[in-house]
S.K.: 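One structure, as structure tokens, below. Some questions next.
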Number of protein chains: 2
Amino acid sequence: MKVRPPKAQPEITVDTVIFTIEEGVLKVLLVRRGGDPYKGQLALPGGFLWANETMAQAAVRVLTTKANVKDVFFEQLYTFDNPKRDTRGHVITVAHFALVPAQRLRSIRLDENVSLVPVKSIKRMPFDHMEILSYADKRLRTKLGYSNVAYSLLPEAFTLSQLQEVYEVILGHEVDKRNFRKKIQSLDIIELTGQKQTGRKHRPARLFRFKKRGYAELEEPLF
Amino acid sequence: MKVRPPKAQPEITVDTVIFTIEEGVLKVLLVRRGGDPYKGQLALPGGFLWANETMAQAAVRVLTTKANVKDVFFEQLYTFDNPKRDTRGHVITVAHFALVPAQRLRSIRLDENVSLVPVKSIKRMPFDHMEILSYADKRLRTKLGYSNVAYSLLPEAFTLSQLQEVYEVILGHEVDKRNFRKKIQSLDIIELTGQKQTGRKHRPARLFRFKKRGYAELEEPLF
DNA sequence: ACAAAAGTGTTGTATATACACCCATGA
DNA sequence: TCATGGGTGTATATACAACACTTTTGT
């Protein structure tokens with residue numbers, strides 16, 4: 001008879017990187033930890049996986065309870081299992097990332113234990129959360145280039161300038177207005193709503209919508 | 001006091017999609033299951049995570065024991081946790097994929113419980129292994145376009161035709177010889193060894209090597 | 001001398017980039 | 001009438017795609 005070593009019995013958590021764009025800046029929703037370890041520090045929202053729950057359900061639960069949002073885009077990122085990542089013992093985390101239009105976070109934002117922090121300003125976080133954040137940020141940039149995920153950072157109707165801002169903020173550099181419009185309109189993923197923006201002190205912009213609200217990959221990459 | 005539901009206590013496995021190219025065909029290493037469930041069927045090699053083991057270590061263990069290879073390229077793919085994926089109960093699997101040059105699998109291949117099967121011919125596998133395989137296959141195709149992973153499917157020295165074959169087999173279509181050579185040589189990732197292939201009944205091909213053996217992402221994508 | 005794969009350039013077409021002015025509105 | 005962002009076209013450079021013949025070796 002072969003003797004097998006014991007199976008691992010790690011605990012499993014789900015952590016979620018919730019991105020939004022506010023005031024032209026890419027931000028992440030962080031929560032202040034209520035308990036040890038790292039009590040009082042800002043960290044990625046997450047929690048233990050409950051019995052009879054899938055990862056996706058746990059991620060939805062985190063999004064609902066911490067950010068008070070439903071039906072937003074999210075996907076699994078990566079599973080982090082560095083044995084030293086949690087001082088409490090063997091805890092692995094299945095990281096996810098989500099994208100939420102800033103307007104939909106207004107309800108929760110009044111709180112002091114939940115804040116939207118510019119990604120570029122974050123220097124330290126508990127556990128391996130910096131690593132998770134970097135990973136999510138990179139995935140977001142890449143994904144922007146071959147999918148329609150931008151829809152999930154905008155209201156249903158938006159102007160081309162708002163759409164362009166999403167790209168500029170995430171890519172971290174400006175893009176040419178005319179070329180951007182030519183390209184994005186050639187992709188056949190957005191359409192005119194027929195409405196126009198009102199109440200601005202300049203020429204009203206036409207409002208567009210994504211033809212498909214829901215994740216889709218582009219036939220031809222944007223970059 | 002809040003009452004929290006119990007934490008999940010799933011078991012954790014690691015499954016590995018081991019790709020290789022043999023006779024101009026993309027193949028996967030499958031092992032015949034020795035025990036229930038699905039006893040006797042071909043499935044992706046894998047196993048339970050052991051105590052005090054990281055996912056990467058478990059993946060290396062699978063690669064060593066099932067494929068008898070060391071120091072090959074592999075990376076984590078995705079964590080599959082569909083609650084019905086394993087009839088034994090709550091078992092989640094952290095899937096990985098690995099790339100191995102066919103020559104390095106010669107040692108193990110004599111066995112009847114381990115076989116290299118063309119990806120396109122695989123119609124059914126136990127658990128959610130078909131889903132894992134599709135996911136890996138897609139990742140491989142994508143990765144080929146923005147990284148140097150092709151190195152991990154070839155011997156250290158190779159001809160441009162062999163390199164081209166790697167791309168054609170994975171992409172599933174032919175590419176133009178002159179355009180391919182122009183492009184690949186413009187990327188600055190391969191160099192001449194100075195050696196030539198011998199013993200063929202045609203003009204000897206120059207042998208190249210990858211400048212960097214180890215994973216790297218291209219500055220400029222190939223496609 | 002024949003078979004088999006290696007090796008090599010040019011041209012047309014499509015795509016990407018750079019760039020500046022007029023327009024519609026609110027104040 | 002002024003300030004603000006909305007909206008548009010062209011010219012040039014670069015990248016991609018299509019394509020055929022000569023070379024070197026083994027038999």
Side-chain angles (χ1 to χ4, degrees), chain A residues 21-25 141 144-146 150 154-155 157-169 171-209 218-223, chain B residues 21-25 141 144-146 150 154-155 157-169 171-209 218-223:
Chain A
I21 291 179
E22 196 183 51
E23 296 160 9
V25 179
R141 253 177 291 127
L144 201 62
Y146 65 85
L154 289 168
F158 53 86
T159 68
L160 290 181
S161 294
Q162 290 173 323
L163 181 57
Q164 183 174 338
E165 187 189 45
V166 168
Y167 281 83
E168 290 181 333
V169 165
L171 295 178
H173 62 80
E174 300 192 342
V175 303
D176 180 85
K177 182 162 66 162
R178 279 171 290 190
N179 294 338
F180 177 78
R181 288 172 180 226
K182 230 181 301 171
K183 191 68 192 269
I184 206 85
Q185 293 188 89
S186 77
L187 294 178
D188 197 41
I189 56 171
I190 60 172
E191 62 190 2
L192 284 164
T193 61
Q195 309 292 105
K196 290 196 177 179
Q197 203 180 37
T198 57
R200 299 300 155 92
K201 58 174 183 179
H202 55 77
R203 177 173 177 177
R206 292 175 300 178
L207 291 170
F208 288 77
R209 72 166 76 89
L218 306 178
E219 294 168 19
E220 174 194 9
L222 200 77
F223 53 87
Chain B
I21 292 178
E22 196 183 50
E23 296 160 10
V25 179
R141 255 178 289 126
L144 201 62
Y146 65 86
L154 289 168
F158 53 86
T159 68
L160 291 180
S161 293
Q162 290 173 322
L163 181 58
Q164 182 175 340
E165 188 190 46
V166 168
Y167 281 83
E168 289 180 333
V169 165
L171 295 179
H173 61 81
E174 299 193 343
V175 303
D176 181 85
K177 181 161 67 161
R178 280 172 290 191
N179 294 339
F180 177 78
R181 288 172 180 225
K182 231 180 304 171
K183 190 68 192 266
I184 205 82
Q185 294 188 89
S186 78
L187 294 177
D188 196 41
I189 56 171
I190 59 171
E191 62 189 1
L192 284 164
T193 62
Q195 308 293 105
K196 292 195 175 180
Q197 205 182 34
T198 57
R200 301 298 155 92
K201 59 173 183 178
H202 57 75
R203 177 172 175 177
R206 293 174 300 177
L207 291 169
F208 288 77
R209 71 166 77 89
L218 305 178
E219 294 167 20
E220 175 194 9
L222 201 78
F223 53 86

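Just so it is clear, the structure is predicted and the values come from calculations on it, not from any experiment. To find a chain, count down the sequence lines: A is the first, B the second, and so on, and within it residues start at 1.
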S.K.: Could you state the atom-to-atom distance from CG of A/Asp176 to P of C/dT15 in whole Å?
M.R.: 18 Å
S.K.: Of all heavy-atom pairs between B/Asn179 and B/Asp176, which one has the smallest distance, and what is that distance?
M.R.: N-OD2, 2.8 Å
S.K.: Using whole Å, report how far CZ of A/Arg203 lies from P of C/dA27.
M.R.: 18 Å
S.K.: Assign each of A/Phe208 and B/Gly199 to its nearest nucleotide of DNA chain D by heavy atoms, then name whichever residue's nucleotide is nearer the 5' end.
M.R.: A/Phe208
S.K.: Quickly work out the B/Arg181 CZ to C/dA5 C1' distance and round it to whole Å.
M.R.: 9 Å
S.K.: Nearest nucleotide by nearest heavy atom, which residue falls closer to the 5' end of DNA chain D, B/Leu222 or A/His202?
M.R.: A/His202
S.K.: Just to be sure I understand the rule, does A/Lys183 reach a base, reach only the sugar-phosphate, or reach nothing, if contact means heavy atoms closer than 4.0 Å?
M.R.: sugar-phosphate
S.K.: Taking donor-acceptor contacts at under 3.5 Å, does the side chain of B/Arg178 reach the base of D/dA17?
M.R.: no
S.K.: Quick check: do A/Leu207 and A/Leu192 have side-chain heavy atoms less than 4.5 Å from each other?
M.R.: no
S.K.: Grab the two heavy atoms, one from A/Ala150 and one from A/Leu163, that are nearest each other, plus how far apart they are.
M.R.: CB-CD1, 4.0 Å
S.K.: Is the number of heavy atoms from other residues, nucleotides or ligands under 6.0 Å of A/Arg200 CZ greater than 12?
M.R.: no
S.K.: Write down the distance between CZ (B/Arg200) and C1' (D/dT23), rounded to a whole number of angstrom.
M.R.: 18 Å
S.K.: Does B/Arg209 offer a backbone N or O that forms a donor-acceptor pair with the side chain of B/Thr193 under 3.5 Å?
M.R.: no
S.K.: Within the 4.0 Å heavy-atom criterion, would you say A/Ser161 contacts the bases, only the backbone, or no part of the nucleic acid?
M.R.: sugar-phosphate
S.K.: Would you mind reading off the distance between B/Arg206 atom CZ and C/dA5 atom P, rounded to a whole angstrom?
M.R.: 18 Å
S.K.: Atom CG of A/Leu207 to atom C1' of D/dG7: distance rounded to whole Å?
M.R.: 14 Å
S.K.: Could you state the NZ-P distance from B/Lys182 to C/dT11, rounded to the nearest angstrom?
M.R.: 12 Å
S.K.: Rounded off to whole Å, could you give me the CZ-to-P distance for the B/Phe180 and D/dA18 pair?
M.R.: 17 Å
S.K.: Given that B/Asn179 and B/Thr159 both sit by DNA chain C, which one's nearest nucleotide is further toward the 5' end?
M.R.: B/Thr159
S.K.: Classify the side chain of A/Lys201 and the base of D/dG5 as holding, or not holding, a donor-acceptor pair under 3.5 Å.
M.R.: no
